[in-house]
Amino acid sequence: MKNLSLTLYAFHLRQTLTDAPDRVADDAAKLWDNLTNLGHFPGLNTLKSHLICYTNTEYTPQNEPGKQSYWLTHAQDIDLGAISTADGFKITANLQPFRLNDTYAIDLTLSPDSPHLDITIPQLQHFLPNPSSPTASKPPSDKPCGYMRK
């Protein structure tokens, strides 16, 4: 397979319908915390420094503009760097964080470092999360977990 990319979309409520317009949910920053704890890609360590809803490492949603939908970065996307695979190619990651009304969302796209690289079916395993990694984010046991592959 050539020109392969895998895109993951994740969402988390910033505020609920019962919250006042200037108030955010207590766990509104959970998406960003979970991403930084995911590990693997070097750019995840500095993710919060790219987000306008953070001052240093402190969550400050009042920094967000008054618009309902917009990018949450100073630049539209964040290059998270690359990780090496055992098969000799690297996987690059690009993150686009944004807000849609009352919801934080991300578009995380993974792709081989060369778009012309021919990826075999067994090599697709490198694009899956590694649950044995000590830095891998694990879902709570009472919540279902699934992957969307394309």
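Excluded from the calculations below are hydrogen atoms, water molecules and symmetry mates; all remaining heavy atoms, backbone and side chain alike, are included. Predicted, not measured: the structure shown is a model, and the values here were computed from it. Counting from 1, the numbers follow the sequence of the chain as shown.
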Q62 CD: over 12 foreign heavy atoms closer than 6.0 Å: yes
Assess whether a salt bridge exists between K90 and D87, defined as any Lys/Arg side-chain N lying under 4.0 Å from an Asp/Glu carboxylate O. no
Check D19 against A25 and note the closest heavy-atom contact, atom names and distance. OD2-N, 3.7 Å
Should the heavy atoms of other residues, nucleotides or ligands under 6.0 Å from CG of D118 be counted, would the total exceed 12? yes
Between H126 and P112 (side chain of the first, backbone of the second, donor and acceptor by atom type, cut-off under 3.5 Å), is there such a pair? no
What distance separates S111 OG from L6 CG, expressed to the nearest 0.5 Å? 9.5 Å
Ionic contact status for R14 with E64, cut-off 4.0 Å: yes
Test item: N45 and T36 side chains (from C-beta on) under 4.5 Å apart, heavy atoms: no
Of all the heavy-atom pairs spanning L47 and W32, show the shortest one and how long it is. CD2-O, 4.3 Å
Separation between CD1 (I119) and CG (N3), nearest 0.5 Å, reads 10.5 Å
Quick one, H12 with N34, criterion side-chain contact (heavy atoms from CB on, under 4.5 Å). Give me CA distance, side-chain angles, the key distance, then yes/no. CA-CA 11 Å; H12 188 76; N34 285 343; over 6 Å; no
Is there side-chain contact between T60 and C53, with heavy atoms separated by less than 4.5 Å? no
Taken to the nearest 0.5 Å, the spacing of D113 CG from S84 OG works out to 8.5 Å
Same cluster (ILVMFWY, side-chain, under 4.5 Å), L124 and L110: yes
Between Q123 and T120, is there a donor-acceptor pair closer than 3.5 Å when you use the side chain of the first and the backbone of the second? yes
V24, L13: one ILVMFWY side-chain cluster at the under-4.5 Å cut-off? no
Of the non-hydrogen atoms in H50 and T46, which two are nearest, and what is the gap between them? CD2-O, 3.2 Å
Worked verdict on N63 versus T55 for side chain to side chain donor-acceptor pair (under 3.5 Å): CA-CA 8 Å; N63 289 352; T55 302; 2.9 Å; yes
Evaluate T109 against D107 for side chain to side chain donor-acceptor pair (under 3.5 Å), listing each step before the verdict. CA-CA 6 Å; T109 301; D107 171 324; 2.8 Å; yes
What's the separation between atom CG in N37 and atom CG in L44, rounded to the nearest 0.5 Å? 9.5 Å
Side-chain heavy atoms of K48 within contact of N56, under 4.5 Å: no
Distance (rounded to the nearest 0.5 Å) between N94 CG and I78 CD1: 8.5 Å
Hey, are the side chains of Y9 and L108 touching, using non-hydrogen atoms and a 4.5 Å cut-off? no
Let me see the working for Y104 and R99 under side chain to side chain donor-acceptor pair (under 3.5 Å), right down to the final yes or no. CA-CA 5 Å; Y104 286 139; R99 178 178 161 191; over 6 Å; no
Roughly how far, to the nearest 0.5 Å, is the CD atom of Q15 from the CG atom of N101? 9.5 Å
hydrophobic_cluster_shared for L95 and W71, side chain cutoff 4.5 Å: no
Heavy-atom distance under 4.5 Å between the side chains of I106 and F11, does that happen here? no
Do F98 and Y70 have side chains that approach each other closer than 4.5 Å (heavy atoms only, starting at C-beta)? no
Determine yes or no for a side-chain-to-main-chain donor-acceptor pair under 3.5 angstrom, with T92 supplying the side chain and G81 the backbone. no
Hydrophobic cluster identity match, L117 and M1, side-chain contacts under 4.5 Å: yes
